[in-house]
Amino acid sequence: MKSKVESQQEESNTDNDFSEMSDTQVRRRGPQKKPISKNKLPNLERNVPIIIKNNNFVVRTIWTIVMILGFMAVLWAGHIYIIGLVLLINIGIFKEILGLKRNYEKEVNVKYSPIINWYFFGIATFFCYGKLFQSKLSEYAFRMHILSYVLNYHNIITFMLWVAGFLMFTLSLKKGYYRYQFRMFGWTHITLILVVAQSSVMIMNIFEGIVWFILPCSLVITNDIFAYIFGVSFGKTPLIELSPKKTWEGFIGGCFSTLIASFCFAYFLQSSQYLTCPQHQLPFSPFASLTCEIPSVFITTQRQLPFSILGNDSIYFSDFQIHAMVFSLFTSLVSPFGGFFASGFKRGIKIKDFGDTIPGHGGITDRMDCQILTGMFSYLYLHQIVLPKAVTLGTVLGYVSQLSTNEQQELFEQLKQSLQIGQ
């Protein structure tokens with residue numbers, strides 16, 4: 001028998017749990033009802049969960065097809081449209097994660113809190129996309145004086161914009177809401193660092209060739225599919241407590257399957273110039289063709305095998321296919337832990353999904369938890385290992401734009417003389 005004091009403490013703890021939860025979490029969790037024995041339910045009510053499950057499967061399948069077709073359409077539309085897609089994904093993820101801690105009743109009295117949060121999102125986007133223009137599209141900055149000025153002083157402009165947001169936040173502090181406001185301030189900045197900054201580097205990969213964007217994304221999806229198939233077919237050994245349905249059999253089977261699939265994917269992807277050619281401009285016309293001299297990393301060459309396989313002493317493959325296998329190892333061994341991290345986070349705040357943006361799938365964050373981590377690895381691997389450390393026209397023009405008018409004129413005369421000597 002519990003004493004009256006213990007019962008009151010339990011009720012108090014329950015109330016505290018709900019007080020710490022945001023409005024979004026309370027709505028998703030819903031009112032707590034006492035379970036009813038299935039034996040006491042009529043036959044029709046017993047079949048309701050099965051009907052709901054089948055309907056969810058149909059909705060999930062339809063929206064999966066819609067997302068695949070939409071992604072392919074954006075992919076072939078061109079680089080600027082892929083950038084727009086990444087930006088929309090960033091907005092969706094930021095909105096969903098921010099909503100986990102928002103309290104709409106408190107924001108009635110703290111009017112400028114959501115505006116300030118989205119202001120910081122705009123600053124982070126300006127910083128990340130400014131870095132893109134600095135490194136990949138300096139030619140545009142060289143032609144446009146205002147853009148050149150903004151990019152030359154990009155870091156200090158970003159900092160001063162953040163300082164303005166900091167001042168607005170400090171002035172908006174209101175007695176009785178300090179804890180909530182500071183919690184949202186920290187929550188916003190952590191989200192920007194973990195989500196917006198990391199996913200924005202995917203855009204850097206796009207301009208080195210769309211294939212460097214497609215390959216990591218497709219390998220994450222491939223690993224997820226094969227891990228599910230092997231887990232359902234052979235899974236017996238639990239992998240991690242955070243995801244009880246994940247098994248070692250599915251994890252290992254997905255890894256080997258993705259490794260083989262990556263080699264095959266790379267073989268077909270490297271044959272398209274549209275996917276492999278780097279882009280140093282920003283065309284707005286959709287479905288524009290793109291041709292270039294094929295980079296050496298995509299050229300298939302004959303390689304000698306250490307031992308004979310079915311009478312063959314050599315095999316033809318490209319360096320890109322080897323890099324694809326490295327990507328597959330990361331997406332199989334590391335990327336799933338992005339999903340495990342998200343699962344643990346959702347369990348910690350007692351929600352099933354981050355949102356309901358995509359019918360049948362939950363929120364955008366639920367679909368992108370593994371992609372964000374993979375995007376950062378792809379960027380670092382591509383720019384540190386794959387690409388040669390070469391000086392491009394864009395980087396040269398970026399430095400030239402920082403020179404004074406007299407220095408640019410002097411550089412022009414020296415280049416003119418060197419070209420005349422060369423002729």
Side-chain angles (χ1 to χ4, degrees), residues 65-92 125-126 128-148 150-151 199-219 221 265-300 318-321 323-324 327 368 371 374-375 378-379 382-383 386-388 390-398 400-401:
I65 297 173
V66 170
M67 287 190 293
I68 293 174
L69 295 177
F71 178 75
M72 293 178 63
V74 171
L75 203 64
W76 290 107
H79 296 71
I80 187 67
Y81 299 95
I82 301 176
I83 292 176
L85 175 63
V86 174
L87 179 59
L88 288 176
I89 291 174
N90 283 346
I91 293 173
T125 303
F126 171 78
C128 295
Y129 281 65
K131 289 296 182 182
L132 165 67
F133 274 86
Q134 281 183 325
S135 60
K136 303 299 180 185
L137 302 173
S138 300
E139 183 179 351
Y140 286 88
F142 184 72
R143 296 175 182 175
M144 301 171 62
H145 180 70
I146 297 178
L147 183 59
S148 175
V150 171
L151 294 182
S199 59
S200 296
V201 299
M202 296 180 182
I203 300 174
M204 301 282 191
N205 299 343
I206 294 171
F207 281 88
E208 297 300 339
I210 297 179
V211 69
W212 298 108
F213 175 75
I214 297 177
L215 182 66
C217 293
S218 61
L219 291 179
I221 298 172
F265 284 169
Y267 175 78
F268 290 104
L269 293 174
Q270 69 186 5
S271 61
S272 172
Q273 284 195 350
Y274 175 77
L275 298 178
T276 57
C277 287
Q279 177 65 275
H280 301 294
Q281 297 180 353
L282 201 60
F284 288 89
S285 57
F287 309 105
S289 60
L290 184 63
T291 58
C292 66
E293 182 180 352
I294 301 177
S296 59
V297 69
F298 300 109
I299 297 177
T300 301
S318 65
D319 291 338
F320 176 63
Q321 290 175 276
H323 295 311
F327 279 117
M368 296 297 297
Q371 297 284 2
T374 306
S378 303
Y379 169 77
L382 177 61
H383 288 80
V386 178
L387 297 179
V391 179
T392 63
L393 176 62
T395 56
V396 172
L397 291 176
V400 172
S401 64

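Residue numbers start at 1 and run along the sequence shown.
Distance check: Gln273 CD to Ile294 CD1 gives 5.0 Å after rounding to the nearest 0.5 Å. Separation of atoms OG (Ser218) and CZ (Phe71) is listed at 8.0 Å; rounding is to 0.5 Å. Residue Ile206 holds its CD1 atom at 13.5 Å from OH of Tyr379, rounded to the nearest 0.5 Å. Here the straight-line distance linking atom CD1 of Ile214 with atom CG of Leu75 works out to 4.0 Å at 0.5 Å rounding. Note that CG of Leu88 and CD1 of Ile91 are 5.5 Å apart. Values are rounded to the nearest 0.5 Å. Within the model, atoms CG of Asn90 and CG of Leu85 stand 9.5 Å from one another, a figure rounded to the nearest 0.5 Å.
What you find for Val74 and Ile82 is that their closest heavy atoms are O-CG1, 3.7 Å. Scanning all heavy atoms of the two residues, the minimum distance from Pro278 to Leu290 falls at O-CD2, 4.4 Å. The shortest non-hydrogen separation linking Pro216 to Thr374 is CB-CG2, 3.7 Å. Closest non-hydrogen pair, Ile299 versus Ser318, comes out as O-CB, 3.4 Å. Pro295 and Thr276 make their closest contact through CG-O, 4.2 Å (heavy atoms, listed as atom of the first residue, atom of the second, distance).
Considering only residues two or more places apart in sequence or on other chains, Phe126 meets the side-chain contact (heavy atoms from CB on, under 4.5 Å) condition with Val150, His154, Ile157, Thr158, Leu161. Under the ring-ring contact (aromatic ring centres under 6.0 Å, His included) criterion, Phe213 pairs with no residue at all, not counting sequence neighbours. Residues forming a side-chain contact (heavy atoms from CB on, under 4.5 Å) with Asp319 (at least two apart in sequence, or on another chain): Val297, Arg303, His323.
For Met72, the CE atom is loosely surrounded, since the number of other residues' heavy atoms within 6.0 Å does not exceed 12.
Inter-residue side-chain proximity for Gln371 and Cys217 is flagged as met; some heavy-atom pair is nearer than 4.5 Å. A heavy-atom distance below 4.5 Å is not found between the side chains of Ile203 and His79. Here the side chains of Phe268 and Leu275 are not in contact, with every heavy-atom distance at 4.5 Å or above. Using a 4.5 Å heavy-atom threshold, the side chains of Phe320 and Trp212 count as touching. Inter-residue side-chain proximity for Gln270 and Thr300 is flagged as met; some heavy-atom pair is nearer than 4.5 Å.
Screening Tyr274, Tyr81, Phe287 against Trp76 for a ring-ring contact (aromatic ring centres under 6.0 Å, His included) leaves a single residue, Tyr274.
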